[in-house]
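Down below is the structure, laid out as structure tokens.
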Amino acid sequence: MKTSKNMTNQQVAKLLKTVAAAYEIKKQNRFKVAAYQKAAASVEHASSEVKDLWEEDRLTSLPGVGKNIAAHLDELFKTGKVKHFEQIFKGLPQGMFSLMDLSGVGPKTAHKLSRQFKLKAPATAVKKLAQLAQKGKIQQLEGFGKESEQDILRSIKEFAGRGKQRMSLPYAQTLARKIIDFLKQSAAVLEAEPLGSLRRQTPTVGDIDLAVATKDPPAAVKHFLSFPQIKKITDQGKKKVTVNLTTGHQIDVRFHSPDEFGALLQHFTGSKNHNIRLRQIAQKKKLSVSEYGIKKKAKTLKFPQEKEFYQFLGMDWIPPELREDRGEIEAAQKHQLPHLVQLADIKGDLHVHTDFQFKTSHDLGIDSMKTLVRIAKQLNYQYLGFADHNPSLSSYSPQQIIDIIKTRKSKIEEIKSSSEKNMKIRVINLLEVDIRPDGSLAVPDKGLEELDLAIVAIHSSFKQPKKTITQRVLTGLAHPKAKIFAHPASRKINHRPAIDLDWEKLFDFCLKNQKILEINSWPDRLDLPDTLVRQAVKKGVKFVITTDSHAFDQLKLMTYGVAVARRGWAEPKDIINTLPWLKLKSILKIE
DNA sequence: GCCGTTTTCGGCCCGACTGTTTTCAGTCG
């Protein structure tokens, strides 16, 4: 496996997984194998770059990374190689590590195939295997048959068509809702719930996990299998069915009796690491935890409700968004879980684009200020902030920009007085202003003065080096009118990575200068990402959750930003738009 | 290889499903 000094977390995780596989083939202690797998998972889910941790000499702060693995990674980042790993890979056909990318092919299968067929080159191993399968060569091997040969061919086909991206959270929710509505049409289905990453509200969802409570599993399974969009049944047992839909997505459904439903919810919600930790704790109490309940001696105690399940293990019920084994179990044991912010706590939106006509730097909204106010009122909001993009620098002179902002202001004033009088909703005059590559703001000071405040953001030159882009952001944010930093990581999920910012420095700056960070609810942004929210919240940095709406129906996307905040352990006190108008006004120093 | 208010040694989460076997290994979550 190719290594270098500058490996990303994804790549380091892959390397550690490869080591685990190699150890498994070489019949090393299975706990050693598990240790490497755990370290790999830990790196994959780390909230900071492993290389940064290495620079700060904090590698062992990652759970599952101890003295030995840390020393190997130290060598990796210093020299670009790990001699010990190279030793482990010796004597193994390197093609096997490519084969392991195929679903259903693990270390043993990959090793057997690559050894038998001499698949040494990682780059061509999968392609060669496909040819062999087509010729019917695989079924002739001992331990393989016609079925497994077909399975391999199918996996290769899927692998080739792998543009297969994770679903956005709203998409996954809609799809899950559709299946659940269908499931509930059967009398055999007593309950049906979305679980897994969907219930934990992760920004993207790989496949959809559902749980069904039923007293008649065969009838419930039969009903589910009649769902019209099923393309292929992958697994079909008495309690678990896996299918692929015509949309290309995988659905896992578990069928349990209602008296076990609490234990099932717990198990299938995950995350994997959360469950492992929970089971370790149970073990110490001489208990054994599974999806059927909690086994005490020979007897399995059943839990219809999840809450009692957690309480039996000596802890408070843990909100699904926190279940990542990032300290939530310890907090639940000490009864110190945060009281997470909820959608109902939100009292207004501060980042909404309108149809006010001018050439903006980016895109306009499509609905009028009046419409937007009406919808905000329906949501029971106390205030609404209009934040169009700044006028285009290339289309207008500085004086024209100032004039446009003045015209827009008088329009907003008009709406403002009528809204306050008729609907008791406050309107705020904001603008989303570009921080240019040199750190200056894209609106002259005289224009900024006309605003209640500016939301600043990066919309270009995303790839500047860490020092440059950090300085750029801090310079832009230092302007007295700049109070909010929008979509701070500037990532687009499945499309563009986060900017390389010195987050600690930004958080310290915000804390010291009372700047607010945005949690942008737009489904392909969800920015700031939850792990960074958690870091910032710990420091006491304040957030605003906004929708960045460009149309009235997008105001309801707020729930996804709230999910990010919850996954970042944020409480109402951390989120400024949970404040009533008068308090918000004084915090933001709005006249 | 990791880890620690019952341990620095001696443990390490738990079960479903498939295919190829004829009691289980491998993979997955």
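In what follows, every chain begins at residue 1, and chains take the letters A, B, ... in the order their sequences are listed. Just so it is clear, the values below take in all heavy atoms, side chains as well, and ignore hydrogens, waters and symmetry mates.
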Next on the checklist: Measuring only the C1' atom in each nucleotide, how far is B/dC28 from B/dC13? A whole number of Å is fine.
Outcome noted: 14 Å
Next on the checklist: Using side-chain heavy atoms (C-beta onward) and a distance below 4.5 Å, is A/Leu278 in contact with A/Met315?
Outcome noted: yes
Next on the checklist: Tell me which residues in residues 267-277 of chain A lie within less than 4.0 Å of DNA chain B, going by non-hydrogen atoms.
Outcome noted: A/Lys272, A/Ile276
Item to check | P gap between B/dT5 and B/dG1, integer Å | outcome: 23 Å
Next on the checklist: Please list, in numerical order, the residues of residues 325-338 of chain A that have a heavy atom closer than 4.0 Å to any atom of DNA chain B.
Outcome noted: none
Next on the checklist: Please classify the nucleic acid contact of A/Lys38 as base, sugar-phosphate, or nothing, using heavy-atom distances under 4.0 Å.
Outcome noted: nothing
Next on the checklist: Using the rule given for salt bridge (Lys or Arg N to Asp or Glu O under 4.0 Å), can you reason through A/Lys184 versus A/Asp181, listing the C-alpha separation, both sets of side-chain angles and the distance that settles it, and then say yes or no?
Outcome noted: CA-CA 5 Å; A/Lys184 286 187 170 167; A/Asp181 288 347; over 6 Å; no
Next on the checklist: Could you check, using the six-membered ring where one of them is a Trp, whether A/Phe97 and A/Phe89 have ring centers closer than 6.0 angstrom?
Outcome noted: yes
Next on the checklist: As an exercise, state the distance from CD of A/Gln201 to CZ of A/Arg566, rounded to the nearest 0.5 Å.
Outcome noted: 7.5 Å
Checklist entry - Do the numbers put A/Lys32 on top of the ring of A/Tyr23, so that NZ or CZ is under 6.0 Å from the six-membered ring centre and no more than 45° off the axis? => result yes
Item to check | Pairwise 5' ranking along DNA chain B for A/Asp151 and A/Val105, keeping only the more 5' one | outcome: A/Asp151
Item to check | Separation of the C1' atoms in B/dC17 and B/dT23, to the nearest angstrom | outcome: 16 Å
Next on the checklist: Determine whether a donor-acceptor pair (N or O, by modelled atom type, separation under 3.5 Å) exists between the side chain of A/Asp527 and the backbone of A/Ala489.
Outcome noted: yes
Next on the checklist: Does A/Val33 reach a base, just sugar-phosphate, or nothing at all? Heavy atoms under 4.0 Å.
Outcome noted: nothing
Checklist entry - So, are A/Arg199 and A/Glu321 salt-bridged, with charged N and O less than 4.0 Å apart? => result no
Checklist entry - Hey, does A/Lys239 reach any base, or is it just sugar-phosphate, or nothing, if we go heavy atoms under 4.0 Å? => result sugar-phosphate
Checklist entry - When you compare B/dG4 with B/dT8, how far apart are their C1' atoms, in angstrom units rounded to a whole number? => result 8 Å
Next on the checklist: Just to be sure I understand the geometry, which residues of residues 291-320 of chain A put a non-hydrogen atom under 4.0 Å away from DNA chain B?
Outcome noted: A/Glu291, A/Tyr292
Next on the checklist: side chain to side chain contact (heavy atoms under 4.5 Å, CB included), that's the test. Do A/Phe309 and A/Ile294 meet it? Break it down for me.
Outcome noted: CA-CA 8 Å; A/Phe309 185 98; A/Ile294 301 176; 3.7 Å; yes
Next on the checklist: For A/Glu49, is there an ion pair with A/Lys466 - N to carboxylate O distance below 4.0 angstrom?
Outcome noted: no
Checklist entry - In whole Å, what separates the P atom of B/dT21 from that of B/dA16? => result 24 Å
Item to check | N/O donor-acceptor pair under 3.5 Å between A/Gln94 side chain and A/Ala121 backbone | outcome: no
Checklist entry - Which is true for A/Gln28 with a 4.0 Å heavy-atom rule: it touches a base, it touches only sugar-phosphate, or it touches nothing? => result nothing
Item to check | First of A/Ala35 and A/Lys240 reached from the 5' end of DNA chain B, by closest nucleotide | outcome: A/Ala35
Checklist entry - Using the purine O4'-C1'-N9-C4 or pyrimidine O4'-C1'-N1-C2 torsion, is B/dT7 syn (within 90° of 0) or anti? => result syn
Item to check | Sub-6.0 Å ring centroid separation between A/Tyr171 and A/His249 | outcome: yes
Checklist entry - Below 6.0 angstrom between ring centroids: does that apply to A/His267 and A/Tyr292? => result no
Next on the checklist: Check A/Lys539 with A/Glu504, please: is the shortest side-chain N to carboxylate O separation under 4.0 Å?
Outcome noted: yes
Next on the checklist: Could you check whether A/Asp259 pairs with A/Lys302 (Lys NZ or Arg NE/NH1/NH2 to Asp/Glu carboxylate O, under 4.0 Å)?
Outcome noted: yes
Checklist entry - How are the rings of A/His223 and A/Phe182 set relative to one another: parallel (under 30°), tilted (30 to 60°) or perpendicular (over 60°)? => result parallel
Checklist entry - Expressed in whole Å, how much space separates the P atoms belonging to B/dT20 and B/dC14? => result 30 Å
Checklist entry - For A/Lys285, which contact category applies under a 4.0 Å heavy-atom criterion: base, sugar-phosphate, or nothing? => result nothing
Item to check | Interface residues of residues 207-219 of chain A with DNA chain B (non-hydrogen, below 4.0 angstrom) | outcome: none
Checklist entry - Paired with B/dA25 by Watson-Crick or G-U wobble geometry, both distances under 3.5 Å: which nucleotide is it? => result B/dT18
Checklist entry - Using a cut-off of 4.0 Å on non-hydrogen atoms, how would the nucleic acid contact of A/Thr242 be classed: base, sugar-phosphate, or nothing? => result nothing
Checklist entry - Can A/Arg277 and A/Glu324 be said to form a salt bridge (Lys or Arg N to Asp or Glu O under 4.0 Å), step by step? => result CA-CA 10 Å; A/Arg277 174 58 71 83; A/Glu324 301 289 347; over 6 Å; no
Next on the checklist: Heavy atoms within less than 4.0 Å of DNA chain B: which residues of residues 125-145 of chain A have one? Give them sorted by number.
Outcome noted: A/Gly143, A/Phe144, A/Gly145
Item to check | Interatomic distance at P, B/dT22 relative to B/dG15, whole Å | outcome: 27 Å
Checklist entry - Are any of the side-chain nitrogens in A/Glu328 or A/Arg200 under 4.0 Å away from the carboxylate oxygens of its partner? => result no
Next on the checklist: Determine whether a donor-acceptor pair (N or O, by modelled atom type, separation under 3.5 Å) exists between the side chain of A/Asp530 and the backbone of A/Val564.
Outcome noted: no
Item to check | Single hit among A/Leu129, A/Val126, A/Leu102, A/Leu99 for side chain to side chain contact (heavy atoms under 4.5 Å, CB included) with A/Ser155 | outcome: A/Leu102
Checklist entry - Rounded to the nearest 0.5 Å, how far apart are CD of A/Glu75 and CZ of A/Phe85? => result 8.5 Å
Checklist entry - First contact, last contact: which nucleotides of DNA chain B are these for chain A, 5' to 3', heavy-atom distance under 4.0 Å? => result B/dG1 to B/dC28
